[in-house]
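Notes to accompany the following structure.
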Amino acid sequence: MEWAGIPAAELNIPLTLTSGQSFGWHELENGRWIGAVGETGVLLEPEEDGFRWATWPEGRWDVIQRYLALDVDIEGLYRTWTAADASFALLIERFRGLRVLRQSADTVLCAFVCSSCNNVPRIARMIRALARMTGRRIIAPWAADLFAEPSLTHVGRLAEDVLREAGFGYRARYLAQLGTRIAAQGTDSLSELAFLRWDEARTRLMALPGVGPKVADCVGLFGLGHDHVIPVDRHVRRYVVSRHRPDLAGKSLTTNVYTALASAFRGIMGPYAGWAQQYVFMAARTRRDSDS
DNA sequence: CTCCGCCCTAGTG
DNA sequence: CACTAGGGCGGA
């Protein structure tokens, strides 16, 4: 394995890989993490002052560097956030090194269409099942049971009843329709959305079956590299309402309220508000007592 | 424009 | 058994 001298304070690998953005990773008993980035197999071994890594095919540091968004100066983000909101220092202290991953739009779309009214363990099971059904096996010397991430073209070949049989529930129809819809547009994947302005890409995403504001924003942030985009889920909603928009307490999450909450949070946290959102989400998710 | 019931399933109290 | 888990959709 090769060495990368990026300390845990700038990249907390276990935290980032389990923070609910990506669902295909699993941890070995020796503390190593195995997953697929597209069709590349990846092995990570985190330590305090850096991490060891390997890929299959070998030597793909470019894949790792991009996936982990190592070009982003996270210390700079911390300074910006604490200057904007001093109380954010607590969240940074708790989740230091948490990063937003740069995934493919295809993968993110499949994952978050499956996320509705669902829990993380089950979403992870679904994504692994999808990869197994659609992807190609990655034969790495250090991985016994690894598959490439699902792409929409492959998902499009799966019939709805096959997906239902595999336990996807009502999301089976969305996935099956997504595949045929993308094929009908004559495009191989969603990557072309990366060349559009975000508001236009978002409109196109929301025209797809099973894709509303929340899922579209997940694709924007996790899959298209739009760092300012904030998926407003129940956790982020509660945080922004209580801290910044108490006037919106008790109002149901309509399009207008959704937009108001997102712009309030973005107005304070700035161009990397999507990254900040990930910290708020983690804090709410790992809190064990009841809410206010 | 807002509200509400429904969609599937597995895990929890 | 009742309830919930990181939504979206269609009808009222």
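To find a chain, count down the sequence lines: A is the first, B the second, and so on, and within it residues start at 1.
- Here, dT2(B) and dG6(C) have their P atoms 25 Å apart, quoted to the whole Å.
- Rounded to whole angstrom, the span from the CZ atom of R237(A) across to the P atom of dA5(C) amounts to 12 Å.
- One can place CG of L253(A) at 15 Å from C1' of dC4(B), the figure rounded to the nearest angstrom.
- Aromatic rings from Y272(A) and W81(A) are positioned such that their centres are separated by 6.0 Å or more.
- A distance of about 23 Å separates the P atoms of dG7(C) and dC1(B), rounded to the whole Å.
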Worksheet item: Which is it for F168(A) and Y174(A) under the ring pair (Phe, Tyr, Trp, His ring centres under 6.0 Å) test, yes or no, and what are the steps along the way?
Response: CA-CA 10 Å; F168(A) 284 79; Y174(A) 294 147; over 10 Å; no
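- With distances taken from any side-chain atom of N256(A) to the nucleotides dC1(B), dG6(C), dA10(B), the minimum falls on dC1(B).
- Side-chain N or O atoms of W56(A) include none that pairs as donor or acceptor with a backbone N or O of I138(A) at under 3.5 Å.
- Residue contacts shown for V236(A) are absent, as no nucleic acid heavy atom lies under 4.0 Å away.
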Fill in: DNA chain B base-pair string [pairs: Watson-Crick or G-U under 3.5 Å; |: paired with another strand]
.||||||.|||||
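- One interatomic measurement links the two molecules: CG of N118(A) to C1' of dG7(C), which rounds to 11 Å at whole-angstrom precision.
- If you measure from atom NE2 of H235(A) to atom C1' of dG6(C), you get 6 Å, rounded to the nearest angstrom.
- Pairing each heavy atom of A216(A) with each of L205(A), the nearest pair is O-CD1, 3.9 Å.
- Comment: R66(A) does not engage D71(A) in a salt bridge, judged by the lack of any side-chain N to carboxylate O separation of less than 4.0 angstrom.
- We find that E27(A) and R32(A) are not joined by a salt bridge, their nearest charged nitrogen and carboxylate oxygen being 4.0 Å or further apart.
- The separation between L205(A) atom CG and dG8(C) atom P is 11 Å, rounded to whole Å.
- Using a 4.0 Å cut-off between charged side-chain N and carboxylate O, R238(A) and D233(A) make no salt bridge.
- Taking atom NZ on K251(A) and atom P on dC1(B), their separation rounds to 13 Å, with Å as the unit.
- For dT9(B) and dG10(C), the C1' atoms lie 22 Å apart once the distance is rounded to whole Å.
- Nucleotides dA10(B) and dC9(C) have their C1' atoms positioned 23 Å apart, rounded to a whole Å.
- Residues R52(A) and E2(A) are not paired through a salt bridge, judged by the lack of any N-O separation under 4.0 Å between the basic side chain and the carboxylate.
- The residue P121(A) sits apart from the nucleic acid: no heavy atom pair falls under 4.0 Å.
- Residue-to-nucleotide proximity on DNA chain C shows that, of L208(A) and R234(A), the 5′-proximal contact is made by R234(A).
- A salt bridge is defined here as a Lys NZ or Arg NE, NH1 or NH2 lying under 4.0 Å from an Asp or Glu carboxylate O, and E160(A) with R164(A) meets this definition.
- When the P atom is compared between dC3(C) and dG5(B), the two are found 14 Å apart, to the nearest whole Å.
- Base engagement by G20(A) is indicated by at least one non-hydrogen atom pair under 4.0 Å involving a base atom.
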Between the protein and nucleotides 6-8 of chain B, which nitrogen or oxygen pairs come in under 3.5 angstrom?
unit_1, atom_1, unit_2, atom_2, d
dC8(B), OP1, R164(A), NH1, 2.9
dC8(B), OP1, R164(A), NH2, 2.5
dC8(B), O4', Y170(A), N, 3.2
dC8(B), O2, R171(A), NH1, 3.0

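- Place G210(A) and C218(A) on DNA chain C by their nearest nucleotides, and C218(A) ends up nearer the 5' end.
- Summarising the geometry of L70(A) relative to W61(A), their closest heavy-atom pair is CD1-CH2, 3.6 Å, with the distance given to 0.1 Å.
- For T254(A), no side-chain nitrogen or oxygen approaches OP1 or OP2 of dC1(B) to under 4.0 Å.
- Across the protein-nucleic acid pair, D233(A) atom CG and dG7(C) atom C1' stand 11 Å apart, rounded to whole Å.
- At whole-Å resolution of the value, CZ in R285(A) and C1' in dT4(C) are 16 Å apart.
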